[in-house]
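Structure record follows, encoded as structure tokens.
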Amino acid sequence: MSAPHYPPAVKLVEVGPRDGLQNEPRFLDTATKVEFIRRLAESGLPVIEVASFVHPEAVPQLADAEAVCGLLKPRPGVRYTALVPNLQGLERALTAGVGAIAVFTAASETFNRKNIRCGIEQSLRRIAPVVERARAAGLPVRAYLSCVLGCPYEGPVSPERVASLAGRLHELGCGEIALGDTIGAGTPLAVCRVVEATAHRVPLGRIAVHFHDTRGQALANILACLGLGISIIDAAVAGLGGCPYAPGASGNVATEDVAYLLAGMGIETGVDLARLIDTGRFISAVLGRDNRSRVGQAGPPAPAC
Ligand code: MG
């Protein structure tokens with residue numbers, strides 16, 4: 001029996017400061033956010049989503065996006081990215097000097113209407129000029145496609161629908177398409193069907209996977225995706241996150257757990273696991289919440305005892 005051909009290296013995309021903190025009940029002050037991001041960067045993470053330029057009233061936890069971006073120190077090998085909903089948000093992001101942006105839509109009509117108050121087609125029309133303007137300004141663009149393995153309102157979502165939308169986002173100029181299992185519904189074979197369908201429309205090296213660990217399937221899903229050659233993985237340190245429009249959705253897969261898995265497989269990430277674990281413990285303590293990373297709880301394995 002031959003082992004799947006795994007990628008030699010994986011790009012970890014840390015979404016904790018944005019996807020994580022936007023779901024916290026309390027506002028984390030700007031200085032602590034910046035310190036959190038600094039520690040993440042020191043851990044060797046190459047891409048960190050640091051802010052959201054949605055309307056401050058929509059996500060008050062991230063209303064200090066400009067201040068956060070203004071205090072970040074540029075670091076070689078680290079890209080700071082931000083979520084952008086529209087042209088207004090893009091102008092704010094450009095002024096704040098982010099290194100890349102992310103736009104977003106969902107593979108579910110109902111989820112989109114609840115989350116961003118417009119349908120899928122309307123959201124694509126809204127995204128198109130944002131992508132064009134961002135690229136003209138020299139910024140790489142990633143697109144999030146949510147609910148690719150199921151919608152909390154509509155139920156199952158077909159892989160063909162996901163692939164078609166991912167293809168259209170790619171054609172619009174989004175250089176990376178992140179497939180989001182927003183409600184953590186996916187299991188490995190279902191995930192593989194979605195990734196394989198999408199790979200007909202988007203080059204495999206441009207597809208990222210974004211799992212929530214709601215039902216404990218995230219690492220199994222990631223392993224399955226690695227076997228297909230996926231090499232971009234989203235995660236949030238300490239398993240931060242959730243989604244206010246996806247009832248029952250728990251946090252993102254924990255970056256520490258993914259980094260531990262990849263290290264054990266000999267897959268390069270550039271991440272210093274010990275520092276990452278410290279960062280997860282730091283943010284959990286600051287927020288006064290449980291650390292949802294199993295590796296973060298246990299630490300690295302001790303020598304024989
Ligand atoms: Mg997420």
Side-chain angles (χ1 to χ4, degrees), residues 11-25 28 33 36-37 40 45 47-54 58-59 61-62 81-85 100-108 111-112 114-116 123 142-153 157 162 165-166 169 174 176-186 191 194-195 207-222 225 230 232-259 280 283-284 287 289 291-293 296:
K11 179 171 82 174
L12 286 175
V13 176
E14 171 64 41
V15 298
R18 197 281 302 169
D19 192 350
L21 295 185
Q22 78 173 23
N23 289 289
E24 288 298 318
L28 192 64
K33 282 183 181 129
F36 175 38
I37 296 162
L40 290 167
L45 291 159
V47 183
I48 307 173
E49 198 168 83
V50 296
S52 171
F53 289 96
V54 300
V59 184
Q61 295 92 329
L62 303 182
T81 74
L83 199 69
V84 162
I101 63 151
V103 296
F104 52 97
T105 186
S108 149
F111 185 86
N112 253 335
K114 300 250 185 200
N115 191 29
I116 56 176
S123 76
R142 132 185 282 229
Y144 285 106
L145 189 56
S146 299
C147 296
V148 302
L149 284 138
C151 166
Y153 309 103
V157 171
V162 172
L165 288 168
L169 288 163
C174 301
E176 197 170 290
I177 313 295
L179 302 177
D181 183 9
T182 313
I183 56 170
V191 167
V194 172
V195 169
I207 302 173
V209 289
H210 182 114
F211 291 111
H212 283 236
D213 204 26
T214 317
R215 293 173 181 82
Q217 305 298 299
L219 285 181
N221 291 339
I222 286 171
C225 290
I230 288 288
I232 311 169
I233 299 173
D234 293 7
V237 76
L240 295 176
C243 178
Y245 301 99
S250 71
N252 292 278
V253 66
T255 317
E256 303 92 311
D257 298 3
V258 179
I283 195 64
S284 300
L287 294 169
R289 72 203 290 294
N291 188 339
R292 290 204 203 117
S293 164

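As the structure lists them, so they are numbered: ligands from 1, and atoms in each ligand from 1.
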Return yes when at least one N/O/S atom of N252 is nearer than 2.8 Å to the Mg ion (ligand 1), and no when none is.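 Under 2.8 Å: N252 contacts the Mg ion (ligand 1) through an N, O or S atom.
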
Heavy-atom side-chain proximity of K33 to L21 below 4.5 angstrom: yes

Among the N/O/S atoms of D19, select the one at the shortest distance from the Mg ion (ligand 1) and name it.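 Closest N, O or S atom of D19 to the Mg ion (ligand 1): OD2.
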
From the N, O or S atoms in H212, identify the one nearest to the Mg ion (ligand 1). NE2

Minimum heavy-atom distance A208-D234, with the two atoms named: CB-OD1, 4.1 Å

Nearest heavy-atom approach of V157 to A107 is CG1-CB, 3.8 Å

How are the rings of H210 and Y144 set to each other: parallel, tilted or perpendicular (split at 30° and 60°)? perpendicular

